[in-house]
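Chain identifiers are assigned alphabetically (A, B, ...) following the order of the sequence lines, protein sequences preceding nucleic acid strands; residue numbering begins at 1 within each chain.
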2 protein chains.
Amino acid sequence: MDFSYTEENYLKTIFKIGLDNGTEEAGTNELAASLSVKPASVTEMLKKLKSKKLVHYEKYGKIKLTKPGRELAIDVIRKHRLWETFLYEKLEFSWDEVHEVAEELEHIRSKKLINKLDQFLRYPEYDPHGDPIPNEKGVFQKQSKKTLSKAEPGTSCKMVAVKDNSTSFLQYVVSLGLGINNKIKVIAREEFDGMMTIEINGENKSVSQKFSDNIIVI
Amino acid sequence: MDFSYTEENYLKTIFKIGLDNGTEEAGTNELAASLSVKPASVTEMLKKLKSKKLVHYEKYGKIKLTKPGRELAIDVIRKHRLWETFLYEKLEFSWDEVHEVAEELEHIRSKKLINKLDQFLRYPEYDPHGDPIPNEKGVFQKQSKKTLSKAEPGTSCKMVAVKDNSTSFLQYVVSLGLGINNKIKVIAREEFDGMMTIEINGENKSVSQKFSDNIIVI
DNA sequence: TATATTTGTTAGGTTAGCCTAACTATTATA
DNA sequence: TATAATAGTTAGGCTAACCTAACAAATATA
């Protein structure tokens with residue numbers, strides 16, 4: 001069965017709102033705001049999605065995805081994040097340019113295309129924003145990403161993405177011996193200015209808050 | 001200005017029909033058949049395209065693209081053929097699988113995307129079917145492709161694509177010393193069974209009609 | 001050149017997805 | 001707990017793109 005771009009966007013957005021608030025549920029106005037449509041349009045679409053068994057929904061009640069609805073949403077997210085990775089890694093798009101184009105690409109309907117793309121990119125686990133990419137079965141890491149600056153001293157984390165794509169920043173990252181998937185241990189953090197001491201490959205380094213704000217870790 | 005997928009498809013189809021029949025013009029029924037819609041729908045769309053100054057059109061008259069209309073059509077064709085090339089070369093799609101997916105990809109709206117893709121593919125001149133790919137300015141080869149079997153003895157041509165993607169065929173092609181962009185000179189052709197003698201890199205080879213039917217040349 | 005055939009248009013309807021305005025249900029607060 | 005605020009729904013309309021059926025123009029053929 002095939003669904004319209006619009007239907008796919010509703011499902012994806014319901015899923016995201018559900019993730020954000022932890023309840024796996026969404027409200028009409030919330031959805032409307034997120035999709036930039038009016039609440040009346042949402043109510044209408046919910047009736048359709050319900051009739052297609054993609055959402056659980058009763059008048060004035062909360063919206064929740066059904067199993068097929070959730071699978072579809074995850075599939076769209078998988079496509080979105082794979083395309084972002086493609087744009088970022090192969091076509092030299094920057095961190096902040098990938099999203100918009102991926103919004104269009106995520107709706108291309110071809111199982112083969114997306115699985116081959118996944119293979120071509122060597123089955124990446126995280127997109128350029130550090131968000132996990134669901135695999136072909138729809139399975140993905142739920143661990144939440146954050147900036148390195150938010151990591152607790154004494155804990156370890158893994159770098160999954162950078163926010164800044166300037167050459168100077170990337171060169172600095174490399175010079176510190178850091179790269180995607182590297183482990184970072186937070187030794188200490190100075191409350192006053194956010195300076196951090198981190199351990200990379202057994203070596204201690206000092207980094208500024210400006211730096212740690214631009215490193216995404218999980 | 002941005003146009004709908006549907007409008008883009010109309011323009012692309014008018015352009016193709018115009019190319020095919022040499023007049024650069026198309027008729028309503030012809031267009032309708034090609035787009036799998038009814039003539040009434042075409043008439044309606046023509047009024048809209050005319051109001052947007054994309055086609056020259058008078059009631060009961062022939063349809064012809066305006067300059068901006070033609071530019072748009074060529075841009076869509078450029079995108080289509082670049083995506084086909086990507087699918088074929090990078091994602092291991094076969095000759096006959098690329099078209100359908102490219103029909104969707106050709107409408108993605110991002111100048112940067114398509115120009116970066118072009119660069120990533122190293123500015124290919126022909127798609128996997130041997131059709132020329134317009135460059136960023138919309139310029140492309142008009143020379144018509146054909147199968148090697150249709151080439152006249154005494155003439156030379158250039159291989160631009162293959163029809164068969166089986167490993168056995170491709171290995172055979174390679175073993176003959178043939179590859180994309182190679183020059184082929186047709187020495188002789190046997191009327192009875194289509195066997196051809198061709199010259200590749202100064203060497204003469206004999207190939208069957210079945211073989212030459214699967215080599216696209218210009 | 002009259003008529004049959006082909007080609008193209010018009011009128012009126014449908015569906016998806018959106019809107020506004022008016023309304024109702026739910027929830028929060030005095 | 002009554003009422004104000006918020007959240008959600010309904011009714012009625014709009015546009016893009018499609019359709020069918022009936023008609024009109026252009027072209028081909030007897």
Side-chain angles (χ1 to χ4, degrees), chain A residues 1-14 17-18 20-21 23-65 69 72-73 76 103-104 106-107 109, chain B residues 1-14 17-18 20-21 23-65 69 72-73 76 103-104 106-107 109:
Chain A
M1 229 170 287
D2 254 4
F3 301 94
S4 72
Y5 284 22
T6 310
E7 289 167 329
E8 288 188 353
N9 279 331
Y10 272 82
L11 296 176
K12 181 185 70 172
T13 307
I14 295 168
I17 292 177
D20 280 356
N21 62 27
T23 66
E24 298 199 10
E25 292 179 333
T28 302
N29 286 0
E30 214 175 358
L31 237 189
S34 193
L35 286 161
S36 303
V37 298
K38 300 298 168 196
S41 309
V42 171
T43 301
E44 188 177 74
M45 179 58 90
L46 288 175
K47 288 176 185 169
K48 199 207 295 189
L49 293 176
K50 187 189 176 180
S51 81
K52 294 188 176 185
K53 304 213 187 301
L54 295 169
V55 299
H56 295 295
Y57 163 69
E58 295 305 331
K59 229 198 241 188
Y60 293 104
K62 284 293 173 189
I63 307 151
K64 195 170 179 178
L65 295 174
L72 237 140
V76 174
E103 281 292 300
E104 276 194 74
E106 73 188 5
H107 300 291
R109 283 174 245 282
Chain B
M1 228 171 285
D2 252 4
F3 301 95
S4 71
Y5 283 23
T6 311
E7 288 167 331
E8 287 189 355
N9 279 331
Y10 272 83
L11 296 175
K12 181 186 70 171
T13 307
I14 294 167
I17 292 176
D20 281 356
N21 62 27
T23 65
E24 297 198 10
E25 291 179 332
T28 302
N29 287 359
E30 215 174 358
L31 237 189
S34 194
L35 286 162
S36 302
V37 297
K38 302 295 167 197
S41 308
V42 171
T43 300
E44 188 177 75
M45 179 58 91
L46 287 175
K47 289 177 185 166
K48 197 205 298 187
L49 293 175
K50 186 188 178 179
S51 81
K52 295 189 176 185
K53 304 213 187 303
L54 295 169
V55 299
H56 296 294
Y57 162 70
E58 296 304 330
K59 230 198 243 190
Y60 294 103
K62 284 294 173 188
I63 307 151
K64 195 170 177 176
L65 294 174
L72 237 140
V76 174
E103 282 291 301
E104 277 193 73
E106 73 188 5
H107 300 291
R109 284 174 244 281

Quick one: closest heavy-atom pair of [X] and [Y], and the distance?
X	Y	value
A:K62	A:A26	CD-O, 3.7 Å
B:A73	B:L65	CB-CD1, 4.1 Å
B:I63	B:T28	CD1-N, 3.8 Å
A:L46	A:V55	O-CG2, 4.0 Å

For [X], check side chain to side chain contact (heavy atoms under 4.5 Å, CB included) against everything at least two apart and list the hits.
X	result
B:K64	B:E24, B:E25, B:H56
B:E7	B:F3, B:S4, B:M45, B:K48, B:L49, B:K52
A:N29	A:P39

In whole angstrom, give the distance that lies between atom [atom1] of [X] and atom [atom2] of [N].
X	N	atom1	atom2	value
B:Y10	D:dA16	OH	C1'	11 Å
A:E7	C:dT15	CD	C1'	12 Å
A:K47	D:dG8	NZ	C1'	11 Å
B:L31	C:dT6	CG	P	20 Å
B:M45	C:dG8	CE	P	17 Å
B:L46	D:dC18	CG	P	12 Å
B:K62	C:dT6	NZ	C1'	11 Å
B:I63	C:dT7	CD1	C1'	11 Å

What are the residues of residues 37-44 of chain A, sorted by number, that bring a heavy atom to within less than 4.0 Å of DNA chain D? A:P39, A:A40, A:T43

Determine whether a donor-acceptor pair (N or O, by modelled atom type, separation under 3.5 Å) exists between the side chain of A:T13 and the backbone of A:N9. yes

Nearest heavy atom decides the nucleotide; on that basis, is B:T6 or A:E30 closer to the 5' end of DNA chain D? A:E30

Just checking B:Y5: base, sugar-phosphate only, or nothing, at a heavy-atom cut-off of under 4.0 Å? nothing

Polar atoms only, N or O, under 3.5 Å: list the protein pairs with nucleotides 24-28 of chain D and their distances.
none

Apply salt bridge (charged side-chain N to carboxylate O under 4.0 Å, His left out) to B:E103 and list each qualifying residue two or more places apart in sequence or on a separate chain. B:K12

Considering only side-chain heavy atoms of A:Y57, which listed nucleotide, C:dG8, D:dG8, C:dT10, is closest? D:dG8

